[in-house]
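By convention in this document, chain letters (A, B, ...) are assigned in the order of the sequence lines, proteins followed by strands, and residues within each chain are numbered from 1. These figures come from a predicted structure and were not determined experimentally.
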There are 2 protein chains.
Amino acid sequence: MPGEARAKPASIRDVARLASVSYQTVSRVLNDHPSIREDTRQRVLAAIRTLDYRPNQAARALASARPSVLGILSTTVGEYGTTSAIVAIEQVARERGFSISTLNLAAASPEAIGEAVRQFEHEQVAGIIVLAPQVRVFNVIGGLGLRVPIATLHTGAGGAAETIASDQRAGARIAVEHLVSLGHRDILHLAGPQDWIEAESRMHGYLDAMFEADLSTLPPIRGDWTADFGHFAGRELAGRRDFTAIFAANDLMAIGLMHGFRDAGVRVPDDVCVIGFDDIPVAAHVWPTLSTVRMDFADLGTRAIMHLLAAIAGEPAPQFAPVSPQLMVRQSTNPSATRR
Amino acid sequence: MPGEARAKPASIRDVARLASVSYQTVSRVLNDHPSIREDTRQRVLAAIRTLDYRPNQAARALASARPSVLGILSTTVGEYGTTSAIVAIEQVARERGFSISTLNLAAASPEAIGEAVRQFEHEQVAGIIVLAPQVRVFNVIGGLGLRVPIATLHTGAGGAAETIASDQRAGARIAVEHLVSLGHRDILHLAGPQDWIEAESRMHGYLDAMFEADLSTLPPIRGDWTADFGHFAGRELAGRRDFTAIFAANDLMAIGLMHGFRDAGVRVPDDVCVIGFDDIPVAAHVWPTLSTVRMDFADLGTRAIMHLLAAIAGEPAPQFAPVSPQLMVRQSTNPSATRR
DNA sequence: AAGTCGAATGTGTACGTTCACATTAGTGTA
DNA sequence: TACACTAATGTGAACGTACACATTCGACTT
């Protein structure tokens, strides 16, 4: 509003002039070149501060091969934890001088994914983090002969994509083991969509635990992650009596499931025990409060980005201790705890 | 893995050579210059398709004043709807040829916000969309003498920031009117944090409805949007008998509130009616199912981006019909409907 | 038929940075 | 003291595009 003529941002040459050096010297200071005398460096840094100079990323990306943008590809289909992972990723990335370009896919069709990745490629991103953990995403990406490094939060990516050892499988196992320890023998799994890596991991965890406890498994129900589906499933399953506990692949479905049971007159946890996965913020507040498994998604995000940055720098992949998922025991698996 | 030498992406000059025109002509085709013969344009477009050419955004941003990146600034403190708004914003922006750079703030301190905005400025963004609707965010931004256009989803931004007429206030009003129509006269408001624009809007809606119904208001409780706080508040409020209904500023707090009441032996909706705001996916599945108000956040996002794009292009702000919030009546405000 | 005008296209240059190479200063060695 | 060798700095290009200007071409006027 005050209409003050805004000065054009300072360029590397302005800094050089003020510091009485060549623009190249400034560039070296910016890029931590080893051969710079300390007093020169200080003079340049002072000039940078005086002029509030910030390197032009566009020019930098144009002139150098290595770009300064990281792409995050995600599907919106509600996965809890995605957000906290993104925040963690961003933070690390920005500390290392990268910007983040996000691309949220409404539908995860192979075409859309391919297009998105090519979009990133054309935007000259340094690397891509994929938070759209469908199996076919990786098939598509694998078939693209991609040049940019890719990382994901999830195991089982297969193909060329770099993967992080996440412990969804261990988490699912812990959940089921909890049910087993309560004496349940007939445990049903309400799984996620077939194509999802996380759904597969969690189902494997279920199978692991059942196998180890020497229990026979029931064919899992395939859901779509939504509470609405859980609700539907609950009403459908109310008629069956071949299970005494259910492990739902996420909390949303678990909560819908309990609603469906309630509608049908099946009591949780008295008639059927339910455990979820994620520990979404409302899990501790629904009725009955939902037992679940909590994972540190921010930590997973950090690993993914560290992994990606290492790949970009051509360094060997960093190793991390496994993330330990945490069992949250609440009312939905504890018959004696439900008081109204 | 197959180590095939990857070809360098095609440049505008490659296209020009293939189409037997000058690179400038290609540039004109790309920028929809009027004076291009139709057959020339077609020849250029064909060459573009053949080479799978995509303009280099970095070079484009460098050469032209107008950059092609839009910044999205948001705080992570859980607001439902942010995600769907972002998706909508991105879609429109990408259609118009912009990339999206996101910057999620963990803490919304004035310093962090200022730094984030300067970061965007330095990244040469064309405009910024702010999804961190705290009042002080706008104070900080207003005091920055910013040159890039800014838009937000929310009204009441004040200062220089461009605003969109959103209807949170109307939504809150509808929620309270619903309670009034059920015969409630003593209605308490569980508000959001003082600094938040949305919290203020929703409180204003509450006050509007109470005033119009000629009812006296109670001092609102200030929450922090979380279910945990709602839980705490529910236990605290259970001792009070000076209200028969509560309007919570978001669903998360409403669900926690019902949990707190349950703990304290207060029955919802029989003793106290509860209504929330947002219609988060679990609202229809908790017990009792939560009455609430649904807003089309994707639509709000679309408006915000249209607004911003108009500002960037120097066009007048587009006008939209108000978004009508939708009342979702469920069990938590319907005493006769709770069957177990 | 020469002149005028606008449409269509081409040529130089700049954007801000990095890279490859060239140069100068600085230090030790013989 | 001269020599080599490294450290420190400087110079000329190039990245891929858009902008300002110059040019060519054709059609229409007089």
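Taking only side-chain atoms of Ile36(B), from C-beta outward, the nucleotide of dT18(C), dT9(C), dG16(D) with the closest atom is dT9(C). Among the nucleotides dA18(D), dG10(C), dG16(C), the one closest to the side chain of Val21(B) is dG10(C). Residue Thr25(A) has its side chain nearest to dT9(D) when only dT17(D), dG10(C), dT9(D) are considered. Comparing dT9(D), dT13(C), dG10(C) by their nearest atom to the side chain of Gln24(B) picks out dG10(C). In this structure, the nucleotide among dA18(D), dT9(D), dT17(C) sitting nearest to the side chain of Arg37(A) is dT9(D). Counting only heavy atoms from C-beta on, Ala63(A) has its side chain closest to dC15(D) among dT11(C), dT17(D), dC15(D). Out of dA7(D), dG16(C), dG26(C), the shortest distance to the side chain of Ser35(A) is found at dA7(D). Of the candidate nucleotides dT17(C), dG16(D), dT9(D), dT17(C) has the atom nearest to the side chain of Arg13(A).
Nucleotide dT17(D) holds its C1' atom 16 Å from the NE2 atom of His33(B), rounded to whole Å. Straight-line distance from the CZ atom of Arg41(B) to the P atom of dT9(C): 10 Å, rounded to whole Å.
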Exercise for the section: Determine, stepwise, if the pair Leu70(B) / Leu309(B) fulfils side-chain contact (heavy atoms from CB on, under 4.5 Å). Expected result: CA-CA 9 Å; Leu70(B) 252 37; Leu309(B) 290 174; 4.2 Å; yes
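Contact between the side-chain N/O atoms of Asn31(B) and the OP1/OP2 oxygens of dA18(D) is found at a separation under 4.0 Å. Residue Ser22(A) places at least one side-chain N or O closer than 4.0 Å to OP1 or OP2 of dG10(D). Within the 4.0 Å cut-off from OP1 or OP2 of dT9(D), at least one side-chain nitrogen or oxygen of Thr40(A) is found. In this structure, Tyr53(B) reaches the dT17(D) phosphate: one of its side-chain N or O atoms is under 4.0 Å from OP1 or OP2.
A donor-acceptor contact under 3.5 Å is formed by the side chain of Arg28(B) with the base of dG10(C).
Rounded to the nearest 0.5 Å, atoms CG (Leu103(A)) and CD1 (Ile128(A)) are 9.0 Å apart.
Annotation: of the two residues near DNA chain D, Glu38(A) and Tyr23(A), the 5′-most nearest-nucleotide partner is Glu38(A).
The pair Arg43(B)-Asp39(B) does not meet the salt-bridge criterion, since no charged nitrogen lies less than 4.0 angstrom from a carboxylate oxygen.
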Name the atoms and distances for all side-chain donor-acceptor pairs under 3.5 Å in residues 12-21 of chain B, with sequence neighbours left out.
residue	atom	partner	partner atom	Å
Asp14(B)	OD1	Arg17(B)	NH1	3.4
Asp14(B)	OD2	Ser11(B)	N	2.8

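At a threshold of 4.5 Å between non-hydrogen side-chain atoms, the residues Arg303(B) and Asp296(B) do not count as touching.
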